[in-house]
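First the proteins, then the strands, lettered A, B, ... as listed; each starts at 1. As the structure is a computational prediction, the values presented were derived from the model and not from experiment.
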Amino acid sequence: MRGVPRRSVFDTLKQRGFVSQCSNEEGLRKLLDTEKVTFYIGFDPTAESLHVGHLQQLMFMAHLQRAGHRPIALVGGGTTRIGDPTGRTESRKILPVETIAANAELFRGQIARFLDFTEGRALMLDNAEWLAPLNYIEFLRDIGKHFSVNRMLSFETYKMRLETGLSFIEFNYQILQSYDYLVLYRTHGCRLQMGGDDQWGNIVAGMDLIRRVEGVEAFALTSPLVTRSDGKKMGKTEQGALFLDPAMTGPYEFYQYWVNVPDADVEQFLFRFTFLPVPEIRDLCAVKDQRINDAKRRLAMEITTLVHGEPAARGAAEASRAAFSASDEGTAAGPGALSGVPSIEVPREELVKGIGVVDLFVRSTLCATKSDARRLVSQGGASVGRKNVTDIETVVTESDAENGVILLRAGKKRYFRIIVT
RNA sequence: GGGGAGAUUCCCGAGUGGUCAAAGGGGGCAGACUGUAAAUCUGUUGGCUAAGCCUUCGAAGGUUCAAAUCCUUCUCUCCCCA
């Protein structure tokens, strides 16, 4: 094991806010300090991209890997066919197998960026590999017999669902996840499963299974679910989740999300979503008032770099600065500065004739419908260039362009560029 | 298998023949205040060629001048009994 840490990784994790529940803290700490441990986290490919919730788990893994341990990123191509009922009041829509396979492929591509997979330092597996070919009768005899329905019903997840309804397929989810853990123990010596707090029940069930079947102690470790101090769902934008795929959530939008985080959350996010050293984070967050914005910009820059790479992050930062200073101080920024701001191209001829503001805002995607655009304009939330526009009959023409670009603004912070071609 | 309850707009949830594009709350958006923060207050929140018209109250039919509301069948969910 390379680079035996001077201090326990466990303390690092704790300090950075990754530790919530642990099955045996002393035992796990000792194990992590003395052995190279193989551990895993599962990711169910229920969408086309990972989102920031997954990012926290990837950071969780990355810290352990940096301490010399071996992560297994488990893509749940098999479990997703069942659907995890955890934390849901209604059953998940069952996805077609082909969709799951396609999503799994996309997940693998994204996960690969966050861990070091060279020379077997990390593994990427898909549980469809062993779950899909399972034989029902055999499985029941070998694995099912270790599960007590009485005990399962006592789990919070199931209790909750017993009120609204729970189908048998979902009831089996926990058993399959437990089986995953057992398989990974057998095939790769995996002895630690991590996840978000919501996964506690599932993880513990797997740990128990390993103890019963193999007589070995395995470990469970969960991290707190990230919440925002304002009660908004973490990583949710107006558009939906904050995805890691740049085609779904652009780097500029991604950067903006972090710059706009509530003051009270900056520190916890720096701890969990960046690798900045603890003292540096404390310094950054020691300030109050608008000075805390520096910490937010740092946070946004770090995470965006991590997820989209440095050039994209710099572009997003530059564009943000240009957009937000342009509105106060006039043309502070050069022509290329805004290039990170989302845009569409519109032919010059169209603008010679002129386009109604309402239509232009709809085309820009700043507004979903014309009614939406009308409301925005009449409520005084729309700007073209540096002019606030309040008349829905306003026609935008070429003369509104500056350096071949018309900058639209909806509300105080949503910008969009119309590029004249 | 028998009996009961239910499915309403993004979510929760009122609404039992016209006064319903549908109360109220949440969320969203916008304005004021600010620091691209929070809290607070205000406005707004189906679509459109905006007077007016069109689509929406699980699905399909039917009754009626008129249906979210009444009838029939269907789908799904929950509860109780077996």
Side-chain angles (χ1 to χ4, degrees), chain A residues 85 87-94 158-170 227-242 252-270 284-301 304 316-329 332-333 337-338 340-342 355-359 361-362 364-383 388-393 407-416:
Chain A
R88 311 189 128 246
T89 50
E90 275 170 43
S91 90
R92 214 178 251 286
K93 249 199 293 195
I94 295 185
Y158 295 127
K159 266 199 225 154
M160 190 167 85
R161 285 296 295 276
L162 285 176
E163 322 235 323
T164 55
L166 175 70
S167 69
F168 186 66
I169 184 173
E170 292 179 286
T227 54
R228 285 176 43 139
S229 58
D230 57 5
K232 282 188 187 141
K233 273 222 184 105
M234 175 62 199
K236 294 284 183 198
T237 66
E238 311 73 57
Q239 273 67 256
L242 196 65
Y252 171 79
E253 192 191 345
F254 189 84
Y255 180 94
Q256 279 292 314
Y257 178 85
W258 299 104
V259 168
N260 280 294
V261 124
D263 290 6
D265 296 324
V266 189
E267 190 170 44
Q268 64 152 336
F269 291 168
L270 279 164
L284 275 169
C285 299
V287 296
K288 284 213 166 68
D289 307 321
Q290 66 269 51
R291 283 169 297 158
I292 193 79
N293 288 340
D294 293 336
K296 291 184 190 179
R297 276 189 281 271
R298 186 64 192 279
L299 170 74
M301 187 63 198
T304 310
E318 177 79 357
S320 297
R321 196 168 335 117
F324 286 92
S325 62
S327 54
D328 308 332
E329 305 161 13
L338 289 163
V341 176
I355 303 175
V357 245
V358 168
D359 290 308
F361 270 80
V362 171
S364 76
T365 70
L366 247 21
C367 292
T369 62
K370 290 190 180 187
S371 301
D372 193 20
R374 285 194 183 92
R375 268 192 295 277
L376 181 76
V377 173
S378 46
Q379 288 184 132
S383 297
N388 185 249
V389 173
T390 49
D391 180 2
I392 59 172
E393 301 298 332
L407 186 65
L408 302 184
R409 185 169 58 132
K412 293 236 164 59
K413 32 180 115 152
R414 290 153 56 219
Y415 286 91
F416 198 93

> Which atom names give the shortest non-hydrogen contact between A/Phe254 and A/Leu242, and what distance separates them?
Replying inline: CD1-CG, 3.9 Å
> Which heavy-atom pair separates A/Ala316 from A/Tyr252 by the least distance, and what is that distance?
Replying inline: CB-CA, 3.8 Å
Nearest-angstrom distance from the residue atom [atom1] of [X] to [atom2] of [N]:
X        : N      : atom1 : atom2 : result
A/Gln290 : B/rA38 : CD    : P     : 15 Å
A/Asp265 : B/rA38 : CG    : C1'   : 10 Å
A/Asp372 : B/rA30 : CG    : C1'   : 10 Å
A/Asp359 : B/rG47 : CG    : C1'   : 15 Å
A/Asn260 : B/rU34 : CG    : P     : 18 Å
A/Trp258 : B/rA37 : CH2   : P     : 17 Å
A/Asn293 : B/rG35 : CG    : C1'   : 5 Å
A/Phe416 : B/rC29 : CZ    : P     : 18 Å

Opposite nucleotide pairing with [N], Watson-Crick or G-U, both atom distances under 3.5 Å:
N      : value
B/rC53 : B/rG47
B/rG58 : B/rC74
B/rA39 : none
B/rG18 : B/rC65

>> Would the base of B/rG43 count as contacting A/Gln379 through its side chain, where contact means a donor and an acceptor less than 3.5 Å apart?
In response: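 Yes, the side chain and the base share a sub-3.5 Å donor-acceptor pair.
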Regarding [X], tell me which of base, sugar-phosphate or nothing describes its non-hydrogen contacts under 4.0 Å with the strands shown.
X        : answer
A/Lys370 : sugar-phosphate
A/Ser378 : nothing
A/Ala410 : sugar-phosphate

Does a side-chain N or O from [X] land closer than 4.0 Å to OP1 or OP2 of [N], or not?
X        : N      : value
A/Arg414 : B/rA30 : yes
A/Lys413 : B/rA37 : yes
A/Lys412 : B/rA32 : yes

> Under the 3.5 angstrom rule, does the side chain of A/Asp372 hit a backbone N or O of A/Ala368 as a donor-acceptor pair?
Replying inline: yes
>> I need the single residue from A/Leu407, A/Leu366, A/Leu408 that forms a side chain to side chain contact (heavy atoms under 4.5 Å, CB included) with A/Tyr415. Which is it?
In response: A/Leu407
Using the [atom1] atom as the point on both nucleotides, what is the distance between [M] and [N], in whole Å?
N      : M      : atom1 : result
B/rU56 : B/rG62 : P     : 15 Å
B/rC54 : B/rA67 : P     : 13 Å
B/rG18 : B/rA68 : P     : 10 Å
B/rG26 : B/rU77 : P     : 32 Å
B/rU40 : B/rG47 : P     : 27 Å
B/rC33 : B/rA21 : P     : 38 Å
B/rC10 : B/rG46 : P     : 9 Å
B/rU49 : B/rA38 : P     : 34 Å

>> For A/Tyr255 and A/Gly411, find the nucleotide of RNA chain B closest to each by heavy atoms; which residue's nucleotide sits nearer the 5' end?
In response: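 Looking at the nearest nucleotide for each, A/Gly411 comes out on the 5' side.
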> For A/Leu166 and A/Ser371, take the nucleotide of RNA chain B holding the closest heavy atom to each; which residue's nucleotide lies nearer the 5' end?
Replying inline: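 Residue closer to the 5' terminus by nearest nucleotide: A/Ser371.
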Nearest to the [X] side chain among [options], which nucleotide is it?
X        : options                : value
A/Arg375 : B/rC48, B/rU44, B/rA37 : B/rU44
A/Leu376 : B/rU36, B/rA30, B/rU49 : B/rA30
A/Pro262 : B/rA38, B/rG35, B/rC48 : B/rA38

>> Check A/Arg297 with A/Asp294, please: is the shortest side-chain N to carboxylate O separation under 4.0 Å?
In response: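 Yes, A/Asp294 and A/Arg297 are salt-bridged.
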> Nearest 0.5 Å, what's the NZ-SG distance between A/Lys296 and A/Cys285?
Replying inline: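 Answer for the NZ-SG pair, A/Lys296 versus A/Cys285, is 10.5 Å.
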>> Suppose we call two aromatic rings close when their centres sit under 6.0 Å apart. Are A/Phe361 and A/Phe416 close by that rule?
In response: no
